[in-house]
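Lettering follows sequence order; numbering is per chain, from 1. These values consider heavy atoms only, across backbone and side chains, with no hydrogens, waters or symmetry-generated copies.
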Number of protein chains: 2
Amino acid sequence: MTTRTGPGPRERLLEAARELTYRHGVGVGVDALLREANVARRSLYEHFGGKDGLIAEVLRRTTAEDEDDYLRTMRAAGEDPRARLLAVFDRLAEIVGGPGFRGCRYLAADLALADPGHPAHAVTRDYRERVRRLFEDELVRLGHRSPGRAADQLLLLVDGVLAAGATRPGTNPAISARELAEHILDA
Amino acid sequence: MTTRTGPGPRERLLEAARELTYRHGVGVGVDALLREANVARRSLYEHFGGKDGLIAEVLRRTTAEDEDDYLRTMRAAGEDPRARLLAVFDRLAEIVGGPGFRGCRYLAADLALADPGHPAHAVTRDYRERVRRLFEDELVRLGHRSPGRAADQLLLLVDGVLAAGATRPGTNPAISARELAEHILDA
DNA sequence: TGACGAGTAGAACAACCGGTCGATATAAAT
DNA sequence: ATTTATATCGACCGGTTGTTCTACTCGTCA
């Protein structure tokens with residue numbers, strides 16, 4: 001008979017950090033994280049080497065999930081590249097309009113961590129590059145005349161939606177962005 | 001003979017805070033601010049009531065300056081509302097491409113200060129509203145069919161440029177944004 | 001002269017920062 | 001049965017957080 005173990009300290013720590021760093025920013029104290037996760041201080045340093053390592057690992061996980069979210073959204077939109085790209089902005093409208101939305105985690109992390117050598121920056125940079133590639137691939141399939149430039153513009157709109165969604169609650173920037181996205185796709 | 005006084009503690013403190021909160025974020029310590037400004041601890045609390053008051057006052061000042069910058073940029077672009085609005089994006093290209101650019105101060109402050117009651121939020125909210133109105137007035141003068149909606153879209157582009165400029169250095173998002181802005185104006 | 005206001009220097013505060021470490025408990029592997 | 005790995009508690013480190021307070025030095029004006 002196997003004992004009912006449940007998620008270990010490592011998982012609990014990641015989950016707590018995912019939650020608290022989003023609510024309070026990456027400036028949350030280690031004590032608060034340990035308290036929330038109900039995990040001994042030492043476990044943090046054994047598993048992640050320190051607070052920075054934990055933060056970077058949390059971002060690594062959420063970027064993977066968010067990338068999956070993009071992929072699923074696009075897959076659900078069918079085969080047409082145009083419809084697939086526009087679906088991204090419909091999905092953004094849901095996210096930004098959702099009750100728990102508090103801004104883009106990656107943007108907040110990049111702005112909060114002044115040290116350019118912090119491991120979190122590498123994670124967010126890779127993520128943005130992957131999303132850009134995702135857009136570019138669709139634009140190529142669409143037969144767009146300059147897929148690279150258009151991908152940059154779409155990424156700009158995504159950044160704008162996430163920024164405006166956080167700083168001007170109430171407005172729904174994703175709707176505005178979708179219109180502009182249509183123009184990009186038709187150019 | 002008048003003694004050479006120079007800027008008082010209040011001014012020195014504001015200047016130091018303007019600089020340090022931009023370089024290191026609003027999380028800078030009070031000690032660092034006092035050291036940089038060469039000001040006694042007590043003066044901070046007499047003049048601003050505390051760190052939060054100082055931060056809010058710094059933002060109040062920079063928003064006024066930045067609004068002036070918008071106004072001067074537009075005035076220099078002549079009378080045509082279309083040219084005036086597009087000039088904003090040329091100016092953004094300069095700012096984002098400049099050597100000292102480290103992201104948008106207001107966006108960083110909003111994302112870093114989790115407490116919605118922090119006085120800084122009111123300052124940034126007012127600033128965004130003033131900029132939005134600036135855009136809307138020009139759009140009305142331009143005879144745009146839906147100035148409110150278009151102003152929101154321009155603001156979205158500005159947010160996007162400032163966000164992307166910070167998170168994806170090297171790319172020049174203002175150029176991408178200018179193209180989209182043209183489309184908004186011609187709609 | 002004396003009072004007042006503004007400034008400085010710096011001690012003290014309680015709370016918290018990220019990080020290290022010894023002691024111990026548990027359970028699987030040998 | 002013994003070893004090994006993992007996980008836990010919790011004390012402890014030096015340093016810093018934002019804030020309050022006392023004591024002192026100026027210059028100004030009455």
**Separation of atom CG in L54(A) from atom C1' in dC17(C), rounded to whole Å** = 15 Å
**Asked** Is a salt bridge present between R23(B) and E36(B), judged by a nitrogen-to-oxygen distance below 4.0 Å?
**Response** no
**Request:** Would you indicate, yes or no, if dA6(C) has its OP1 or OP2 atom less than 4.0 angstrom from a side-chain nitrogen or oxygen of H47(B)?
**Result:** no
**Complete:** In whole angstroms, the gap separating P of dT20(D) from NZ of K51(B) amounts to 15 Å
**Asked** Starting at OH of Y45(A) and ending at P of dT8(D), how long is that distance when rounded to a whole Å?
**Response** 16 Å
**Asked** D110(A) and T124(A): side-chain donor and acceptor closer than 3.5 Å?
**Response** yes
**Prompt:** Nearest-Å distance, CG (L44(A)) to P (dG10(D))?
**Reply:** 17 Å
Tabulate protein N/O versus nucleotide N/O from nucleotides 8-10 of chain C, keeping only pairs under 3.5 Å, one per line.
{"unit_1": "dT8(C)", "atom_1": "OP1", "unit_2": "R12(B)", "atom_2": "NH2", "d": "2.9"}
{"unit_1": "dT8(C)", "atom_1": "OP2", "unit_2": "A40(B)", "atom_2": "N", "d": "3.3"}
{"unit_1": "dT8(C)", "atom_1": "OP2", "unit_2": "S43(B)", "atom_2": "OG", "d": "2.8"}

**Request:** Can you label the angle between the Y127(B) ring and the Y106(B) ring as parallel, tilted or perpendicular, going by 30° and 60°?
**Result:** tilted
**Check: Y70(B) and V158(B) side chains under 4.5 Å, non-hydrogen atoms** = yes
**Asked** Between L34(B) (CG) and dT20(D) (P), how many Å, whole number?
**Response** 14 Å
**All pairs passing ring pair (Phe, Tyr, Trp, His ring centres under 6.0 Å) where residues 140-164 of chain A contributes a residue, at least two apart** = none
**Message:** With heavy-atom distances below 4.5 Å as the criterion, would you say the side chains of F101(A) and L162(A) are in contact?
**Reply:** yes
**Message:** Tell me the interatomic distance from L13(A), atom CG, to dT6(D), atom P, rounded to whole angstroms.
**Reply:** 17 Å
**Request:** Nearest whole angstrom, please: distance from the P of dG19(C) to the CG of D31(A).
**Result:** 12 Å
**Fill in**
Whole-Å distance, L20(B) CG to dT17(D) C1', equals 16 Å
